[in-house]
Protein chains: 2
Amino acid sequence: MIYSEKITEQELRRGGYKLTPQRRAIIGAISGTQEHLTPAAIYKRVHRKHPSIGLVTVYRTIDILAELDLICETHAGGSCRSYLMRRPSGHHHHLICSECGRVVDFTDCGLEKLERRLSKETSFKINGHLLEFIGQCLECSRKQKEKNS
Amino acid sequence: MIYSEKITEQELRRGGYKLTPQRRAIIGAISGTQEHLTPAAIYKRVHRKHPSIGLVTVYRTIDILAELDLICETHAGGSCRSYLMRRPSGHHHHLICSECGRVVDFTDCGLEKLERRLSKETSFKINGHLLEFIGQCLECSRKQKEKNS
DNA sequence: ATTCTAAATGAAAACGATTTTCAATTAGTA
DNA sequence: TACTAATTGAAAATCGTTTTCATTTAGAAT
Ligand SMILES: [Mn+2]
Ligand SMILES: [Mn+2]
Ligand SMILES: [Zn+2]
Ligand SMILES: [Zn+2]
């Protein structure tokens, strides 16, 4: 069992939730990859080993994990969301190609200063942010050029 | 008719799309406010003056306007999206209270340097970004404090 | 170990948002 | 003015998500 998996289970209990085999399996599935998983993708992974676990339980568990801040949510355009275990280190941001959907991660957003300023100006207690750049990857912008010529 | 409205109609035609009364009405509805409108909200506004225009047409027009980059999409958490006319001036970002949903706008994100660096490192042609801070507004963090004491 | 109870589960139904289908209408061109 | 491809609205289909409810179970108390 990975470090983050154990921590997540501990935090779940600390939050007053019961540690069920279903929840273990779901945490395991999300921990088992670096990729962003949609609820359906999480379900698929869980379902392989544990066919009896329902999609509903996946949704319910995701809600809890997000509430406890143990996973982070990403919006990949449109209206689809995906999840990732929260890594203790740094942020997790994206550069997304609007043509082919390719995703490049980056972590150093340097938004701390802006965060402090906004917090001061608005009296908000800020605890996170979502940052995504949209553009076209090299390959796709080449293809577009060819098309237009 | 507002400036941005005229431009939008021009661009629509320039994109090879026909300029129908329905599309005019929808563009007018989005242009008529600074607020973010969900597809349903846009439909509601359009429907007042033009009861015959269908929700489907609203969706279809939104798609086109977004494709032509004439409106910008915002993700207000969860899986709901909203739209806003693209203003020529500056960006449009949010600070969102996770408790009550209050939204504060800000425009000066200072991400140009980061954008240039990412573009260089990844060879992406970047044409936009989504930035949202999440936190608790003063009122809500006070309420939470009271609760915990 | 056994009992107990609130919390958690799965299946099915309900739900809201979005998309598809299709026959009828229309914008813009010829 | 006539033509045609694009656009439209209504209805049905689809998709992701939530609710409902009867059954099961984790974890605390005995
Ligand atoms: Mn990523
Ligand atoms: Mn705004
Ligand atoms: Zn690409
Ligand atoms: Zn608030």
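Scope of the values below: all heavy atoms of this structure, side chains included, with no hydrogens, waters or symmetry mates. Letters A, B, ... are given to chains in the order of the sequence lines, protein chains preceding strands, and every chain is numbered from 1.
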task = Starting from C1' on C/dT9, measure out to CG on A/Asp63 and report it in whole angstrom.
result = 15 Å
ask   = Hey, are A/Arg117 and A/Glu121 close enough for a salt bridge, meaning a charged N less than 4.0 Å from a carboxylate O?
value = yes
Whole-Å gap separating P (D/dT7) and CD1 (B/Ile27) = 13 Å
query = Under 4.0 Å between a side-chain N/O of A/Arg13 and OP1 or OP2 of D/dA26, yes or no?
reply = no
query = Are the charged groups of B/Arg14 and B/Glu11 less than 4.0 angstrom apart, N to O?
reply = yes
key: Rounded distance in Å - CG (B/Leu19) to C1' (C/dT29)   = 15 Å
request  = Check every strand shown and say whether B/Arg24 touches a base, only sugar-phosphate, or nothing at a heavy-atom separation below 4.0 Å.
outcome  = nothing
ask   = Do A/Arg60 side-chain and C/dG10 base share a donor-acceptor contact under 3.5 Å?
value = yes
remark   = For A/Val46 and A/Ala29, the nearest pair of non-hydrogen atoms, with its separation, is CG2-CB, 3.7 Å
ask   = How many Å lie between CD on A/Glu67 and P on C/dA8, as a whole number?
value = 11 Å
ask   = What is the distance from CD1 of A/Ile53 to C1' of C/dA11, rounded to the nearest Å?
value = 15 Å
task = Identify, between B/Gly16 and B/Val56, the residue whose nearest nucleotide on DNA chain D lies closer to the 5' end.
result = B/Gly16
inquiry  = Using whole Å, what does the distance between atom P of nucleotide C/dG10 and atom NE2 of A/His50 come to?
reply    = 11 Å
key: Between NE2 on residue A/His94 and CG on residue A/Asp105, distance to nearest 0.5 Å   = 4.0 Å
request  = Select from B/Pro21 and B/Ala40 the residue whose nearest nucleotide in DNA chain C is closer to the 5' end of that strand.
outcome  = B/Ala40
query = Hey, what do you get for CG (A/Leu118) to OG (A/Ser123), rounding to the nearest 0.5 Å?
reply = 11.5 Å
inquiry  = With a 4.0 Å cutoff (strictly under), does any side-chain N or O of A/Thr20 reach OP1 or OP2 of C/dT9?
reply    = yes
query = With a non-hydrogen cut-off below 4.0 angstrom, is A/Pro51 in contact with a base, only sugar-phosphate, or nothing?
reply = nothing
task = From the options C/dG28, C/dT9, C/dA17, select the nucleotide whose nearest atom is closest to the side chain of B/Lys18.
result = C/dG28
inquiry  = Without decimals, in angstroms, what is the distance between B/Gln22 CD and C/dT25 C1'?
reply    = 10 Å
key: Atom-to-atom span, CD1 of A/Ile26 to C1' of C/dG10 - whole angstrom   = 12 Å
